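The model shown is predicted, which means the values in this text are computed figures rather than measured ones.
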Amino acid sequence: MPEKIQILMRLLHQTIEKTETVPKKGRPYVYSQIGMLLFFVVMQLKGVHKFKAMADYAKYRYVWFGFNQAPSRKTIRRRFLEMPGFIRWLLPCLAREVTQIDQRISLRVGFVDKSIFQALGGIWHKKHQQAGVVPHPSIDTDASWGKSSYHGWRFGYGLHLVVNRLRFPLAATVTTAAAPDKAQVWSLLNGMLPQLLLLVGDASYRAIRFLKNLWDHLEVMLITHRPFTTRSKAKQWRPPLRYNQWVER
């Protein structure tokens, strides 16, 4: 087994052993969650996206991932669809474990953003969506349209990510591209509290009601690229004095 995979597996095992048991109902997994996670990471790095091709690769390399036998294409597909929930649970646990190894990995300040990635296969144009027509079988009908600041409109999915100042991932979730940025913050922060105290975001998170709820319910301060002021008489909430002081720095 390659050295980098061995190091990652050892760190993941330490994380699982020091935290609660991975949520799982019913019978135990035949193929461990850690092994499947590493398998999908390797497939992504190699650019292998078809489940049949993944199954062909697993026939010759399944021992690398701690499997007693190669998983079938059907099993790989099913476990792939279940993986996002496991990753949402694992990332904050892994970040807490890494803080014990490297003091630079802090959980107190996070940077949140959304990136849009184009779906594999064809593009489902809005005129076809509205008519309920799928012109090509390769089109991912679960994806949606979203606008990226760098690439314009894209048909695909959005990766919502919280990282620290060293870009180490603290929390992540995936939605379709049309999902609004700030609506995902609550699920992102769910596994990180109470360590996180300050969140830095762009203009997509700049909404008075959102900032107020974030502070009132979670005691997490969110700052954007400029100080926040309120002009409407209907919105009387004033951010704590520290808010503008942090932004002006």
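Within the model, atoms CH2 of W153 and OG of S148 stand 11.0 Å from one another, a figure rounded to the nearest 0.5 Å. How far CG of L37 is from CG of L90: 6.5 Å, rounded to the nearest 0.5 Å. Atom CG of L211 is separated from atom CG of D216 by 10.5 Å, given to the nearest 0.5 angstrom. The OH atom of Y205 lies 14.0 Å from the CD1 atom of I223; values are rounded to the nearest 0.5 Å. With rounding to the nearest 0.5 angstrom, the OG1 atom of T175 is 8.5 Å from the CD1 atom of I116. Atom CD of residue Q184 and atom CG of residue L189 lie 11.5 Å apart, to the nearest 0.5 angstrom.
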Under 3.5 Å, which donor-acceptor pairs do the side chains of residues 75-88 form with other protein atoms, sequence neighbours left out?
residue, atom, partner, partner atom, Å
T75, OG1, S72, OG, 3.0
R79, NH1, Y31, O, 2.7
R79, NH2, Y31, O, 2.8
R79, NH2, Q33, OE1, 3.0
E82, OE1, Y29, OH, 3.4

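The aromatic rings of F65 and F67 are tilted relative to each other, their planes meeting at an angle between 30° and 60°.
Screening residues 161-172 for salt bridge (Lys or Arg N to Asp or Glu O under 4.0 Å) gives no qualifying pairs among residues at least two apart or on separate chains. Residue pairs satisfying the side-chain hydrogen bond (donor to acceptor under 3.5 Å, both in side chains) criterion with at least one member in residues 106-124, sequence neighbours excluded, are absent. Applying the side-chain hydrogen bond (donor to acceptor under 3.5 Å, both in side chains) test to every pair with at least one member in residues 132-142, sequence neighbours left out, gives these pairs: H136-S138, D140-Y157.
Checked options N164, L94, L91; the residue passing with P169 is L91 (criterion: side-chain contact (heavy atoms from CB on, under 4.5 Å)).
With a 4.5 Å cut-off on side-chain heavy atoms, V112 and V200 do not count as touching. Residues V185 and L214 meet the side-chain proximity criterion, which asks for heavy atoms closer than 4.5 Å. Side-chain contact between L199 and V162 is present, with at least one heavy-atom pair separated by less than 4.5 Å. L161 has its side chain out of reach of F111: every pair of non-hydrogen atoms, C-beta onward, lies at least 4.5 Å apart. W186 is listed as a side-chain neighbour of F210, based on a closest heavy-atom distance under 4.5 Å. Annotation: side chain of Q195 is in contact with side chain of R96 (closest heavy-atom distance under 4.5 Å).
L120 is not connected to Y57 by any chain of hydrophobic side-chain contacts under 4.5 Å among Ile, Leu, Val, Met, Phe, Trp and Tyr, and they are in different clusters. Note on Y60: it does not cluster hydrophobically with F40, by side-chain heavy-atom contacts below 4.5 Å among ILVMFWY residues. Following chains of ILVMFWY side-chain contacts shorter than 4.5 Å, one cannot reach L159 starting from W145, and the two form parts of different hydrophobic clusters. Clustering ILVMFWY residues whenever any of their side-chain heavy atoms sit less than 4.5 angstrom apart, transitively, puts V133 in a cluster other than the one holding I139.
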> Which is it for T99 and L107 under the side-chain contact (heavy atoms from CB on, under 4.5 Å) test, yes or no, and what are the steps along the way?
Replying inline: CA-CA 8 Å; T99 57; L107 302 180; 4.0 Å; yes

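Between K59 and A70, the closest heavy-atom pair is CA-CB, 3.8 Å. Shortest non-hydrogen contact noted between S144 and A178 is OG-N, 2.9 Å. Minimum interatomic distance between M54 and F39 (heavy atoms only, all atoms of both residues): O-CZ, 3.5 Å.
Every residue meeting the side chain to side chain donor-acceptor pair (under 3.5 Å) condition with D181, not counting sequence neighbours, appears here in chain and number order: S204. Judged as a salt bridge (charged side-chain N to carboxylate O under 4.0 Å, His left out), and not counting sequence neighbours, the contacts of K52 are D56.
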